[in-house]
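The next block holds one structure in the form of C-alpha coordinates; read it before the comments.
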Amino acid sequence: MLSTYVRLVALAAFSIFLNACGGDTSTVFNGTSSTAAQAERGPEYSDVDRPEPGLQGQIPLANQLSGDAAKGYRKGLKLVGQNTILDRGANFSMAWIGDCAYVTTTSPGQIFGPLASPYADAKFNPLNGMAVIDASDPANPKLVQILQSPAMLAPHESLQANEARKIIVAARGGGTAFDVYDASDCKNPKLSASINVGIGITLPELPIISEILSGIPGGLNAIDVGLPFMGHALCLSHDGKTAFATSSASTNAVINIDDIKKPYLMHLFAPAGHDCGLNPDDDRLYLAQFGFVALGVGLPNGPAVGQNGMGIYDISSIKNRSVGTSPFLFSTAPPQISFLPWTNVLIGEAPTAGSHTARWFKNKGRTYLYSSDEWPTAGVCPWAFGRIIDITDETKPRIVSNIKLEVNELDNCLETELDVANYSAHYVGFDNANEATMLFTTHYTGGLRVWDIHDPEHPKEIAYWHPVPNTKTPTVPLSEFFGSSGDRWDAVPTYVRYRPETGHIWIASYSAGFQILAFTPSAGPTVPKPTGR
(Lines give C-alpha, C1' and ligand atoms only; values in the text may rest on other atoms or scores of the structure.)
Protein backbone atom coordinates (compact mmCIF):
# COMPACT_ATOMS: atom_id res chain seq x y z
CA MET A 1 0.00 0.00 0.00
CA LEU A 2 2.78 2.38 0.96
CA SER A 3 4.61 1.50 -2.29
CA THR A 4 1.58 2.41 -4.39
CA TYR A 5 1.15 5.67 -2.53
CA VAL A 6 4.81 6.63 -3.01
CA ARG A 7 4.59 5.83 -6.72
CA LEU A 8 1.50 8.01 -7.13
CA VAL A 9 3.11 10.89 -5.25
CA ALA A 10 6.27 10.59 -7.36
CA LEU A 11 4.36 10.53 -10.64
CA ALA A 12 2.20 13.46 -9.55
CA ALA A 13 5.31 15.43 -8.63
CA PHE A 14 6.79 14.77 -12.05
CA SER A 15 3.58 15.88 -13.73
CA ILE A 16 3.43 19.12 -11.74
CA PHE A 17 7.11 19.79 -12.44
CA LEU A 18 6.70 19.27 -16.19
CA ASN A 19 3.60 21.44 -16.38
CA ALA A 20 5.42 24.18 -14.51
CA CYS A 21 8.27 23.93 -16.99
CA GLY A 22 6.00 23.99 -20.02
CA GLY A 23 6.61 20.35 -20.95
CA ASP A 24 4.54 17.19 -20.96
CA THR A 25 5.08 13.47 -20.72
CA SER A 26 5.37 13.18 -24.50
CA THR A 27 8.77 14.87 -24.08
CA VAL A 28 8.06 17.34 -26.88
CA PHE A 29 8.52 20.83 -25.53
CA ASN A 30 7.28 23.07 -28.33
CA GLY A 31 10.36 25.20 -28.58
CA THR A 32 10.75 25.92 -24.88
CA SER A 33 13.56 28.43 -24.49
CA SER A 34 15.96 28.94 -21.62
CA THR A 35 15.26 30.43 -18.21
CA ALA A 36 15.13 33.97 -16.90
CA ALA A 37 18.81 34.45 -17.75
CA GLN A 38 17.72 34.46 -21.38
CA ALA A 39 15.41 37.41 -20.83
CA GLU A 40 17.60 39.24 -18.34
CA ARG A 41 20.94 39.32 -20.10
CA GLY A 42 23.58 39.24 -17.39
CA PRO A 43 27.21 40.37 -17.42
CA GLU A 44 28.29 37.05 -18.93
CA TYR A 45 26.79 38.30 -22.22
CA SER A 46 29.15 41.30 -22.26
CA ASP A 47 32.78 41.70 -23.36
CA VAL A 48 33.84 42.28 -19.75
CA ASP A 49 36.18 39.63 -18.34
CA ARG A 50 35.80 38.19 -14.86
CA PRO A 51 39.21 36.62 -14.14
CA GLU A 52 39.78 33.49 -12.09
CA PRO A 53 40.68 34.45 -8.51
CA GLY A 54 43.19 31.68 -7.84
CA LEU A 55 45.39 29.30 -9.78
CA GLN A 56 44.85 28.75 -13.48
CA GLY A 57 41.65 26.70 -13.72
CA GLN A 58 40.81 26.90 -10.01
CA ILE A 59 37.51 27.58 -8.25
CA PRO A 60 38.88 28.24 -4.73
CA LEU A 61 36.82 26.99 -1.80
CA ALA A 62 36.75 30.46 -0.22
CA ASN A 63 35.17 31.88 -3.37
CA GLN A 64 32.68 29.02 -3.48
CA LEU A 65 31.58 29.69 0.09
CA SER A 66 31.37 33.46 -0.37
CA GLY A 67 29.10 33.11 -3.41
CA ASP A 68 31.62 34.74 -5.72
CA ALA A 69 32.14 31.56 -7.77
CA ALA A 70 28.41 31.37 -8.50
CA LYS A 71 28.82 34.38 -10.78
CA GLY A 72 31.13 32.42 -13.08
CA TYR A 73 34.59 33.36 -14.35
CA ARG A 74 35.64 34.18 -17.90
CA LYS A 75 38.35 35.63 -20.07
CA GLY A 76 38.13 36.26 -23.80
CA LEU A 77 34.68 34.66 -24.10
CA LYS A 78 31.10 35.77 -23.68
CA LEU A 79 27.69 34.12 -23.77
CA VAL A 80 25.63 34.47 -26.95
CA GLY A 81 22.72 32.16 -26.11
CA GLN A 82 21.75 29.42 -23.67
CA ASN A 83 19.15 26.75 -23.00
CA THR A 84 19.13 25.13 -19.58
CA ILE A 85 17.15 22.11 -20.87
CA LEU A 86 14.38 22.52 -18.31
CA ASP A 87 16.95 22.75 -15.50
CA ARG A 88 17.36 18.98 -15.56
CA GLY A 89 21.11 18.89 -14.77
CA ALA A 90 23.37 15.90 -15.49
CA ASN A 91 24.15 17.17 -19.03
CA PHE A 92 27.28 15.33 -20.07
CA SER A 93 27.71 14.64 -23.79
CA MET A 94 27.03 16.72 -26.88
CA ALA A 95 26.95 16.09 -30.63
CA TRP A 96 25.66 18.16 -33.55
CA ILE A 97 24.35 18.25 -37.11
CA GLY A 98 23.81 21.55 -38.90
CA ASP A 99 21.92 23.96 -36.67
CA CYS A 100 20.95 21.22 -34.21
CA ALA A 101 22.66 20.21 -31.00
CA TYR A 102 22.09 16.94 -29.15
CA VAL A 103 22.77 16.79 -25.41
CA THR A 104 22.52 13.63 -23.30
CA THR A 105 22.55 13.01 -19.58
CA THR A 106 24.61 11.05 -17.15
CA SER A 107 24.74 11.03 -13.37
CA PRO A 108 26.03 8.97 -10.46
CA GLY A 109 22.56 7.44 -10.36
CA GLN A 110 23.17 5.68 -13.65
CA ILE A 111 26.07 3.89 -11.99
CA PHE A 112 25.14 3.69 -8.31
CA GLY A 113 21.35 3.61 -8.38
CA PRO A 114 18.46 5.90 -7.44
CA LEU A 115 19.77 6.98 -4.04
CA ALA A 116 22.66 8.79 -5.74
CA SER A 117 20.59 10.34 -8.51
CA PRO A 118 18.14 13.23 -8.87
CA TYR A 119 16.03 10.79 -10.90
CA ALA A 120 14.45 7.66 -9.48
CA ASP A 121 15.50 5.70 -12.56
CA ALA A 122 16.64 6.89 -15.97
CA LYS A 123 13.75 5.45 -17.95
CA PHE A 124 11.09 6.82 -15.59
CA ASN A 125 12.08 10.46 -15.87
CA PRO A 126 10.97 12.25 -19.04
CA LEU A 127 13.78 14.80 -18.69
CA ASN A 128 16.44 12.14 -19.10
CA GLY A 129 17.67 11.26 -22.58
CA MET A 130 18.78 13.04 -25.74
CA ALA A 131 17.71 16.68 -25.79
CA VAL A 132 17.26 18.03 -29.32
CA ILE A 133 18.04 21.74 -29.53
CA ASP A 134 17.33 24.05 -32.46
CA ALA A 135 20.20 26.57 -32.45
CA SER A 136 19.34 28.27 -35.75
CA ASP A 137 18.85 31.45 -33.72
CA PRO A 138 22.11 31.51 -31.70
CA ALA A 139 20.76 34.09 -29.25
CA ASN A 140 17.74 31.95 -28.47
CA PRO A 141 18.40 28.20 -28.83
CA LYS A 142 15.20 26.23 -28.32
CA LEU A 143 14.56 22.83 -26.83
CA VAL A 144 12.51 20.85 -29.35
CA GLN A 145 12.16 17.46 -27.69
CA ILE A 146 13.83 14.87 -25.48
CA LEU A 147 14.18 11.41 -26.98
CA GLN A 148 14.44 8.20 -25.00
CA SER A 149 15.60 4.83 -26.32
CA PRO A 150 17.62 1.96 -24.83
CA ALA A 151 21.04 3.54 -25.40
CA MET A 152 20.02 7.21 -25.21
CA LEU A 153 18.72 6.77 -21.67
CA ALA A 154 22.27 6.37 -20.40
CA PRO A 155 24.84 6.81 -23.20
CA HIS A 156 27.57 8.18 -20.94
CA GLU A 157 30.36 9.33 -23.34
CA SER A 158 29.25 7.50 -26.48
CA LEU A 159 27.04 10.08 -28.20
CA GLN A 160 28.30 10.85 -31.73
CA ALA A 161 26.75 12.31 -34.89
CA ASN A 162 27.77 12.25 -38.54
CA GLU A 163 27.08 15.28 -40.74
CA ALA A 164 27.57 13.44 -44.03
CA ARG A 165 25.00 10.69 -43.41
CA LYS A 166 22.86 12.69 -40.98
CA ILE A 167 22.88 9.99 -38.32
CA ILE A 168 23.27 9.93 -34.53
CA VAL A 169 24.57 6.91 -32.61
CA ALA A 170 25.15 5.93 -29.00
CA ALA A 171 25.88 2.89 -26.84
CA ARG A 172 24.35 2.27 -23.43
CA GLY A 173 26.80 3.20 -20.67
CA GLY A 174 27.74 0.01 -18.84
CA GLY A 175 25.21 -1.95 -20.89
CA THR A 176 24.72 -3.52 -24.29
CA ALA A 177 22.30 -1.35 -26.28
CA PHE A 178 23.42 0.44 -29.46
CA ASP A 179 21.06 2.93 -31.10
CA VAL A 180 21.07 4.57 -34.54
CA TYR A 181 18.94 7.62 -35.34
CA ASP A 182 18.11 9.00 -38.76
CA ALA A 183 18.56 12.77 -38.43
CA SER A 184 17.77 13.75 -42.02
CA ASP A 185 15.54 16.32 -40.33
CA CYS A 186 17.96 17.40 -37.64
CA LYS A 187 15.19 18.73 -35.40
CA ASN A 188 13.23 15.51 -35.59
CA PRO A 189 15.56 12.48 -35.37
CA LYS A 190 13.89 9.09 -35.74
CA LEU A 191 15.15 5.89 -34.12
CA SER A 192 16.21 3.74 -37.04
CA ALA A 193 17.51 0.72 -35.16
CA SER A 194 18.45 -0.51 -31.69
CA ILE A 195 20.51 -3.66 -31.17
CA ASN A 196 22.28 -5.39 -28.30
CA VAL A 197 26.05 -5.81 -28.28
CA GLY A 198 27.02 -8.70 -26.02
CA ILE A 199 24.90 -10.08 -23.20
CA GLY A 200 22.95 -7.85 -20.84
CA ILE A 201 22.27 -8.85 -17.25
CA THR A 202 20.01 -7.18 -14.70
CA LEU A 203 21.28 -6.70 -11.20
CA PRO A 204 19.08 -8.08 -8.40
CA GLU A 205 17.55 -5.79 -5.83
CA LEU A 206 19.50 -5.33 -2.64
CA PRO A 207 17.59 -7.31 0.03
CA ILE A 208 18.31 -4.94 2.90
CA ILE A 209 16.81 -1.90 1.25
CA SER A 210 14.49 -3.52 -1.28
CA GLU A 211 11.42 -2.45 0.68
CA ILE A 212 12.64 1.14 0.81
CA LEU A 213 13.35 1.14 -2.90
CA SER A 214 10.12 -0.64 -3.80
CA GLY A 215 8.35 2.70 -3.75
CA ILE A 216 10.69 4.07 -6.38
CA PRO A 217 9.80 3.20 -9.98
CA GLY A 218 12.37 0.79 -11.33
CA GLY A 219 14.30 0.31 -8.11
CA LEU A 220 17.85 -0.93 -8.40
CA ASN A 221 16.87 -3.86 -10.59
CA ALA A 222 16.62 -1.57 -13.64
CA ILE A 223 20.39 -1.27 -13.92
CA ASP A 224 21.71 -3.10 -16.97
CA VAL A 225 25.25 -4.44 -17.06
CA GLY A 226 26.76 -5.74 -20.26
CA LEU A 227 29.05 -8.75 -20.77
CA PRO A 228 31.54 -9.06 -22.42
CA PHE A 229 30.89 -5.57 -23.78
CA MET A 230 30.07 -2.70 -21.41
CA GLY A 231 29.34 0.51 -23.31
CA HIS A 232 31.32 3.60 -22.38
CA ALA A 233 32.50 5.82 -25.26
CA LEU A 234 32.52 5.67 -29.06
CA CYS A 235 34.11 7.07 -32.19
CA LEU A 236 32.35 7.14 -35.54
CA SER A 237 34.07 6.92 -38.92
CA HIS A 238 33.97 10.03 -41.10
CA ASP A 239 31.99 8.18 -43.75
CA GLY A 240 29.45 7.28 -41.06
CA LYS A 241 29.56 3.56 -41.81
CA THR A 242 31.48 2.11 -38.86
CA ALA A 243 31.20 2.70 -35.12
CA PHE A 244 33.98 1.74 -32.72
CA ALA A 245 32.43 1.48 -29.28
CA THR A 246 34.78 1.25 -26.31
CA SER A 247 34.13 -0.17 -22.87
CA SER A 248 37.23 0.68 -20.79
CA ALA A 249 37.17 -2.54 -18.78
CA SER A 250 36.52 -5.29 -21.31
CA THR A 251 36.35 -5.24 -25.13
CA ASN A 252 35.88 -2.82 -28.02
CA ALA A 253 32.98 -3.38 -30.43
CA VAL A 254 33.17 -2.81 -34.18
CA ILE A 255 29.64 -2.17 -35.48
CA ASN A 256 28.71 -2.12 -39.17
CA ILE A 257 26.15 0.58 -40.00
CA ASP A 258 26.25 0.43 -43.79
CA ASP A 259 22.48 0.05 -43.51
CA ILE A 260 21.23 2.30 -40.69
CA LYS A 261 18.16 0.11 -40.32
CA LYS A 262 20.22 -3.06 -39.89
CA PRO A 263 23.41 -2.37 -37.91
CA TYR A 264 25.28 -5.42 -36.73
CA LEU A 265 28.29 -6.36 -34.63
CA MET A 266 31.38 -7.33 -36.64
CA HIS A 267 34.05 -7.81 -33.97
CA LEU A 268 34.87 -7.63 -30.28
CA PHE A 269 38.56 -7.13 -29.56
CA ALA A 270 41.00 -6.15 -26.83
CA PRO A 271 42.84 -4.25 -25.42
CA ALA A 272 40.02 -2.17 -24.04
CA GLY A 273 40.05 1.50 -24.95
CA HIS A 274 38.66 4.33 -22.87
CA ASP A 275 37.85 6.36 -25.97
CA CYS A 276 39.09 6.58 -29.53
CA GLY A 277 39.45 8.60 -32.71
CA LEU A 278 40.04 8.09 -36.43
CA ASN A 279 41.90 9.86 -39.22
CA PRO A 280 39.90 11.44 -42.08
CA ASP A 281 40.64 8.46 -44.36
CA ASP A 282 39.09 6.12 -41.77
CA ASP A 283 41.98 3.66 -42.07
CA ARG A 284 43.61 4.43 -38.71
CA LEU A 285 42.15 3.90 -35.26
CA TYR A 286 43.66 5.83 -32.36
CA LEU A 287 42.85 3.94 -29.19
CA ALA A 288 43.27 5.58 -25.79
CA GLN A 289 44.26 2.53 -23.78
CA PHE A 290 43.34 2.94 -20.14
CA GLY A 291 46.10 0.78 -18.70
CA PHE A 292 44.93 1.11 -15.12
CA VAL A 293 41.87 -0.99 -16.03
CA ALA A 294 42.78 -2.63 -19.35
CA LEU A 295 45.43 -5.00 -18.07
CA GLY A 296 45.46 -7.02 -21.28
CA VAL A 297 45.97 -10.26 -19.36
CA GLY A 298 45.75 -13.14 -21.81
CA LEU A 299 44.40 -10.93 -24.57
CA PRO A 300 46.05 -10.09 -27.90
CA ASN A 301 48.09 -6.88 -27.98
CA GLY A 302 47.29 -5.97 -24.40
CA PRO A 303 49.47 -3.23 -22.91
CA ALA A 304 51.69 -3.84 -19.92
CA VAL A 305 49.93 -4.07 -16.56
CA GLY A 306 49.09 -0.57 -15.37
CA GLN A 307 50.40 0.99 -18.57
CA ASN A 308 48.55 3.95 -20.06
CA GLY A 309 49.12 5.03 -23.61
CA MET A 310 48.00 5.57 -27.17
CA GLY A 311 47.72 2.73 -29.66
CA ILE A 312 47.66 3.33 -33.42
CA TYR A 313 45.94 0.57 -35.42
CA ASP A 314 45.57 -0.14 -39.13
CA ILE A 315 41.85 -0.61 -39.77
CA SER A 316 42.01 -0.62 -43.59
CA SER A 317 40.46 -4.09 -43.74
CA ILE A 318 37.55 -2.97 -41.59
CA LYS A 319 37.00 0.12 -43.71
CA ASN A 320 36.94 -1.75 -47.01
CA ARG A 321 35.12 -4.74 -45.51
CA SER A 322 37.78 -7.16 -46.71
CA VAL A 323 37.64 -8.79 -43.28
CA GLY A 324 34.33 -10.42 -42.52
CA THR A 325 32.46 -10.75 -39.28
CA SER A 326 34.40 -12.87 -36.80
CA PRO A 327 32.83 -16.34 -36.51
CA PHE A 328 32.59 -16.10 -32.73
CA LEU A 329 32.67 -12.27 -32.73
CA PHE A 330 35.87 -12.31 -30.64
CA SER A 331 38.88 -11.44 -32.77
CA THR A 332 42.42 -10.20 -32.46
CA ALA A 333 42.99 -6.48 -32.52
CA PRO A 334 43.62 -4.84 -35.89
CA PRO A 335 47.34 -4.66 -36.80
CA GLN A 336 49.08 -2.35 -34.34
CA ILE A 337 51.34 0.22 -35.99
CA SER A 338 52.72 1.65 -32.76
CA PHE A 339 52.03 2.15 -29.09
CA LEU A 340 53.15 5.24 -27.16
CA PRO A 341 53.20 4.49 -23.43
CA TRP A 342 53.28 6.72 -20.38
CA THR A 343 52.98 5.97 -16.67
CA ASN A 344 50.53 8.29 -14.96
CA VAL A 345 52.40 8.55 -11.64
CA LEU A 346 55.75 9.18 -13.29
CA ILE A 347 54.37 12.07 -15.36
CA GLY A 348 52.78 13.71 -12.32
CA GLU A 349 49.22 12.37 -12.25
CA ALA A 350 47.24 10.45 -9.63
CA PRO A 351 47.52 6.63 -9.67
CA THR A 352 43.90 6.38 -10.83
CA ALA A 353 44.36 8.52 -13.95
CA GLY A 354 44.19 6.79 -17.30
CA SER A 355 44.43 7.49 -21.02
CA HIS A 356 41.10 8.88 -22.22
CA THR A 357 40.85 11.02 -25.37
CA ALA A 358 42.28 10.62 -28.89
CA ARG A 359 41.56 13.19 -31.59
CA TRP A 360 43.40 13.75 -34.91
CA PHE A 361 44.45 17.13 -36.33
CA LYS A 362 46.94 18.67 -38.72
CA ASN A 363 49.04 21.82 -38.54
CA LYS A 364 51.43 23.15 -41.19
CA GLY A 365 51.79 19.80 -42.93
CA ARG A 366 52.40 17.75 -39.80
CA THR A 367 49.94 15.30 -38.25
CA TYR A 368 49.09 15.24 -34.55
CA LEU A 369 46.84 13.74 -31.92
CA TYR A 370 45.42 15.51 -28.92
CA SER A 371 45.30 13.05 -26.05
CA SER A 372 44.24 13.57 -22.47
CA ASP A 373 44.11 11.37 -19.40
CA GLU A 374 41.16 11.41 -17.01
CA TRP A 375 39.88 10.44 -13.62
CA PRO A 376 36.62 12.33 -13.08
CA THR A 377 36.30 12.72 -9.33
CA ALA A 378 37.47 15.00 -6.57
CA GLY A 379 40.16 13.87 -4.18
CA VAL A 380 42.60 12.44 -6.75
CA CYS A 381 45.13 15.24 -7.07
CA PRO A 382 47.27 15.64 -9.11
CA TRP A 383 44.54 15.71 -11.72
CA ALA A 384 44.95 14.30 -15.21
CA PHE A 385 46.02 16.58 -18.06
CA GLY A 386 46.44 16.47 -21.85
CA ARG A 387 49.22 16.40 -24.42
CA ILE A 388 49.90 16.94 -28.11
CA ILE A 389 51.47 13.96 -29.90
CA ASP A 390 53.24 14.27 -33.25
CA ILE A 391 52.28 11.24 -35.38
CA THR A 392 53.68 12.45 -38.70
CA ASP A 393 55.77 9.31 -38.51
CA GLU A 394 53.09 7.03 -37.11
CA THR A 395 55.62 4.32 -36.31
CA LYS A 396 57.37 6.73 -33.94
CA PRO A 397 54.78 8.92 -32.18
CA ARG A 398 56.26 11.47 -29.80
CA ILE A 399 54.85 13.90 -27.25
CA VAL A 400 55.75 17.47 -28.23
CA SER A 401 53.89 19.47 -25.56
CA ASN A 402 51.61 19.17 -22.54
CA ILE A 403 48.24 20.87 -22.11
CA LYS A 404 48.38 21.42 -18.38
CA LEU A 405 46.75 23.95 -16.04
CA GLU A 406 48.22 25.13 -12.75
CA VAL A 407 45.54 23.07 -10.96
CA ASN A 408 47.08 19.97 -12.57
CA GLU A 409 50.48 20.53 -10.97
CA LEU A 410 51.60 18.20 -8.18
CA ASP A 411 53.04 21.16 -6.25
CA ASN A 412 49.55 22.70 -5.98
CA CYS A 413 47.77 19.66 -4.57
CA LEU A 414 47.62 20.93 -1.00
CA GLU A 415 45.79 24.02 -2.22
CA THR A 416 43.45 22.45 -4.78
CA GLU A 417 42.42 19.45 -2.66
CA LEU A 418 40.56 21.86 -0.37
CA ASP A 419 38.21 22.88 -3.18
CA VAL A 420 36.18 19.63 -3.28
CA ALA A 421 36.20 19.92 -7.06
CA ASN A 422 37.31 17.95 -10.09
CA TYR A 423 40.02 19.50 -12.30
CA SER A 424 40.63 16.54 -14.61
CA ALA A 425 40.96 17.10 -18.34
CA HIS A 426 38.21 15.56 -20.47
CA TYR A 427 37.26 16.41 -24.07
CA VAL A 428 38.36 18.54 -26.99
CA GLY A 429 37.55 20.51 -30.15
CA PHE A 430 39.38 22.45 -32.91
CA ASP A 431 38.72 25.50 -35.05
CA ASN A 432 39.60 23.35 -38.08
CA ALA A 433 41.04 19.88 -37.59
CA ASN A 434 42.59 19.94 -41.09
CA GLU A 435 44.62 23.07 -40.26
CA ALA A 436 44.24 23.66 -36.55
CA THR A 437 45.25 26.91 -34.94
CA MET A 438 42.90 26.78 -31.91
CA LEU A 439 42.46 23.92 -29.45
CA PHE A 440 39.46 23.80 -27.12
CA THR A 441 39.67 21.57 -24.04
CA THR A 442 37.18 20.86 -21.28
CA HIS A 443 38.23 20.23 -17.68
CA TYR A 444 35.09 19.65 -15.59
CA THR A 445 35.40 22.22 -12.76
CA GLY A 446 38.30 23.81 -14.66
CA GLY A 447 35.80 24.85 -17.34
CA LEU A 448 36.38 25.37 -21.06
CA ARG A 449 39.94 26.38 -22.02
CA VAL A 450 41.09 27.80 -25.36
CA TRP A 451 44.67 27.33 -26.57
CA ASP A 452 46.53 28.99 -29.43
CA ILE A 453 48.32 26.11 -31.19
CA HIS A 454 49.75 27.91 -34.20
CA ASP A 455 52.90 26.30 -32.83
CA PRO A 456 51.79 22.93 -31.38
CA GLU A 457 55.07 22.59 -29.50
CA HIS A 458 54.36 25.81 -27.59
CA PRO A 459 50.61 26.04 -26.88
CA LYS A 460 49.40 29.22 -25.23
CA GLU A 461 46.13 29.65 -23.36
CA ILE A 462 44.18 32.70 -24.58
CA ALA A 463 40.67 32.30 -23.12
CA TYR A 464 38.56 30.35 -20.63
CA TRP A 465 34.96 29.96 -19.51
CA HIS A 466 33.46 28.88 -16.18
CA PRO A 467 29.66 28.83 -16.61
CA VAL A 468 27.36 30.47 -14.11
CA PRO A 469 25.95 27.44 -12.25
CA ASN A 470 22.23 26.81 -12.52
CA THR A 471 20.90 26.52 -8.97
CA LYS A 472 17.57 25.11 -10.19
CA THR A 473 19.04 21.73 -11.10
CA PRO A 474 18.32 18.76 -8.78
CA THR A 475 20.82 18.22 -6.00
CA VAL A 476 22.83 15.04 -6.38
CA PRO A 477 24.47 13.70 -3.20
CA LEU A 478 28.26 13.94 -3.49
CA SER A 479 27.86 15.55 -6.91
CA GLU A 480 31.05 17.57 -6.36
CA PHE A 481 32.92 14.31 -6.83
CA PHE A 482 31.50 13.77 -10.29
CA GLY A 483 29.59 16.56 -11.96
CA SER A 484 28.54 19.82 -10.42
CA SER A 485 28.01 21.46 -7.08
CA GLY A 486 24.79 23.01 -8.39
CA ASP A 487 25.04 26.31 -6.52
CA ARG A 488 28.81 26.89 -6.27
CA TRP A 489 30.34 25.87 -9.63
CA ASP A 490 29.48 24.02 -12.81
CA ALA A 491 31.36 21.34 -14.76
CA VAL A 492 32.11 21.47 -18.50
CA PRO A 493 32.56 17.88 -19.75
CA THR A 494 31.53 17.83 -23.43
CA TYR A 495 33.17 17.85 -26.82
CA VAL A 496 33.43 21.36 -28.24
CA ARG A 497 32.12 22.63 -31.57
CA TYR A 498 33.56 25.68 -33.33
CA ARG A 499 31.45 27.11 -36.18
CA PRO A 500 33.79 28.93 -38.59
CA GLU A 501 30.98 30.77 -40.38
CA THR A 502 29.85 32.54 -37.20
CA GLY A 503 32.88 32.18 -34.93
CA HIS A 504 30.58 30.66 -32.31
CA ILE A 505 31.59 27.94 -29.86
CA TRP A 506 29.14 25.29 -28.65
CA ILE A 507 29.42 23.49 -25.32
CA ALA A 508 27.14 21.95 -22.72
CA SER A 509 27.72 21.93 -19.00
CA TYR A 510 26.34 19.82 -16.19
CA SER A 511 23.85 22.30 -14.72
CA ALA A 512 23.80 25.34 -17.05
CA GLY A 513 22.93 23.24 -20.10
CA PHE A 514 23.58 24.12 -23.73
CA GLN A 515 25.59 27.31 -24.36
CA ILE A 516 26.78 29.25 -27.39
CA LEU A 517 29.86 31.42 -26.83
CA ALA A 518 31.83 33.96 -28.83
CA PHE A 519 35.32 35.41 -28.52
CA THR A 520 35.81 38.88 -27.06
CA PRO A 521 38.74 41.25 -27.76
CA SER A 522 40.69 40.09 -24.71
CA ALA A 523 41.22 36.69 -26.37
CA GLY A 524 43.80 38.46 -28.51
CA PRO A 525 44.51 38.89 -32.22
CA THR A 526 45.19 35.24 -33.09
CA VAL A 527 41.60 33.98 -32.84
CA PRO A 528 40.09 32.93 -36.18
CA LYS A 529 37.83 35.43 -37.90
CA PRO A 530 34.30 34.27 -38.83
CA THR A 531 34.07 33.33 -42.50
CA GLY A 532 30.47 34.53 -42.82
CA ARG A 533 29.55 31.60 -45.06
Side-chain angles (χ1 to χ4, degrees), residues 95 97 104 130 147-184 189-201 224-273 275-278 281-285 287 299-300 313-335:
I97 293 174
T104 52
M130 182 173 69
L147 299 174
Q148 297 186 334
S149 56
M152 288 301 179
L153 281 167
H156 197 51
E157 297 173 329
S158 68
L159 180 71
Q160 295 290 329
N162 182 272
E163 186 81 48
R165 294 192 74 192
K166 302 292 189 292
I167 61 172
I168 310 164
V169 300
R172 172 87 178 198
T176 63
F178 175 79
D179 294 350
V180 183
Y181 279 79
D182 181 345
S184 300
K190 300 292 186 182
L191 183 63
S192 181
S194 184
I195 63 172
N196 285 325
V197 178
I199 302 171
I201 62 173
D224 172 52
V225 176
L227 294 173
F229 172 79
M230 301 173 63
H232 190 99
L234 184 150
C235 54
L236 185 59
S237 62
H238 293 79
D239 65 10
K241 295 182 178 181
T242 311
F244 295 84
T246 63
S247 58
S248 294
S250 53
T251 59
N252 310 298
V254 182
I255 303 167
N256 182 311
I257 44 178
D258 290 342
D259 182 346
I260 65 171
K261 294 182 179 180
K262 297 179 180 179
Y264 63 89
L265 177 64
M266 293 178 67
H267 309 286
L268 292 172
F269 73 87
D275 208 334
C276 57
L278 297 102
D281 292 331
D282 291 330
D283 60 5
R284 294 292 184 268
L285 174 69
L287 193 60
L299 298 174
Y313 295 86
D314 183 347
I315 55 169
S316 303
S317 61
I318 294 175
K319 174 190 175 180
N320 60 30
R321 305 297 192 242
S322 62
V323 57
T325 301
S326 301
F328 301 103
L329 294 182
F330 290 97
S331 62
T332 58

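Here the structure is a predicted model, which means the values were calculated and not measured. Note that the numbering runs from 1 along the sequence shown for the chain.
When atom types are taken as modelled, the side chain of S331 and the backbone of H267 share no donor-acceptor pair closer than 3.5 angstrom. Side chain of R165 to main chain of D258: a donor-acceptor pair is present (N/O by atom type, distance under 3.5 Å, no hydrogens or angles). Here the side chain of N252 pairs no donor or acceptor atom with the backbone of T246 at under 3.5 angstrom. Checked by atom type and distance alone, the side chain of T251 pairs as donor or acceptor with a backbone atom of P228 at under 3.5 Å. K319 places a side-chain N or O within 3.5 Å of a backbone atom of D281 that can act as its donor or acceptor partner.
Between K241 and D282 no salt bridge is recorded (no basic side-chain N to carboxylate O distance below 4.0 Å).
Evaluation of the ring-ring contact (aromatic ring centres under 6.0 Å, His included) test over residues 225-263, restricted to residues two or more places apart or in two chains, returns H156-H232, H232-H274.
Across all their heavy atoms, L236 and A161 have their closest contact at CD2-C, 4.0 Å. When all heavy atoms are compared, the tightest approach of D179 to A151 is OD2-N, 2.8 Å. Closest approach of A95 and L159 over heavy atoms only: N-CD2, 3.7 Å. Contact detail for T332 and F269: the closest heavy-atom pair is O-CB, 3.9 Å. Across all non-hydrogen atoms, the minimal contact from G240 to I167 is O-CD1, 3.5 Å. Taking each heavy atom of A183 and I168 in turn, the nearest pair found is CB-CD1, 3.9 Å.
Taken to the nearest 0.5 Å, the SG atom of C235 stands 4.5 Å off from the CG atom of L278. To the nearest 0.5 angstrom, R172 atom CZ is 12.0 Å from M230 atom CE. The distance from the OG atom of S317 to the CG atom of D283 is 10.5 Å, given to the nearest 0.5 Å. Interatomic distance, L234 CG to S247 OG, rounded to the nearest 0.5 Å: 11.5 Å. Atoms CG and CG, on L329 and L265 in that order, are 5.0 Å from each other to the nearest 0.5 Å. In this structure, the separation between CD1 on I260 and NZ on K166 is 12.0 Å, given to the nearest 0.5 Å.
The shortest side-chain heavy-atom distance between T176 and I199 does not fall under the 4.5 Å cut-off. The side-chain heavy atoms of F178 and I257, taken from C-beta on, include a pair separated by under 4.5 Å. In this structure, the side chains of P334 and D314 stay at 4.5 Å or more apart for every pair of heavy atoms.
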Verdict with reasoning, V180 to K262, per side-chain contact (heavy atoms from CB on, under 4.5 Å): CA-CA 9 Å; V180 183; K262 297 179 180 179; over 6 Å; no
Full working for side-chain contact (heavy atoms from CB on, under 4.5 Å) between L147 and M152: CA-CA 7 Å; L147 299 174; M152 288 301 179; 5.9 Å; no
Test log, rule side-chain contact (heavy atoms from CB on, under 4.5 Å), inputs V169 and I255: CA-CA 11 Å; V169 300; I255 303 167; over 6 Å; no
From CA spacing to verdict: side-chain contact (heavy atoms from CB on, under 4.5 Å), Y181, S149: CA-CA 10 Å; Y181 279 79; S149 56; 2.7 Å; yes
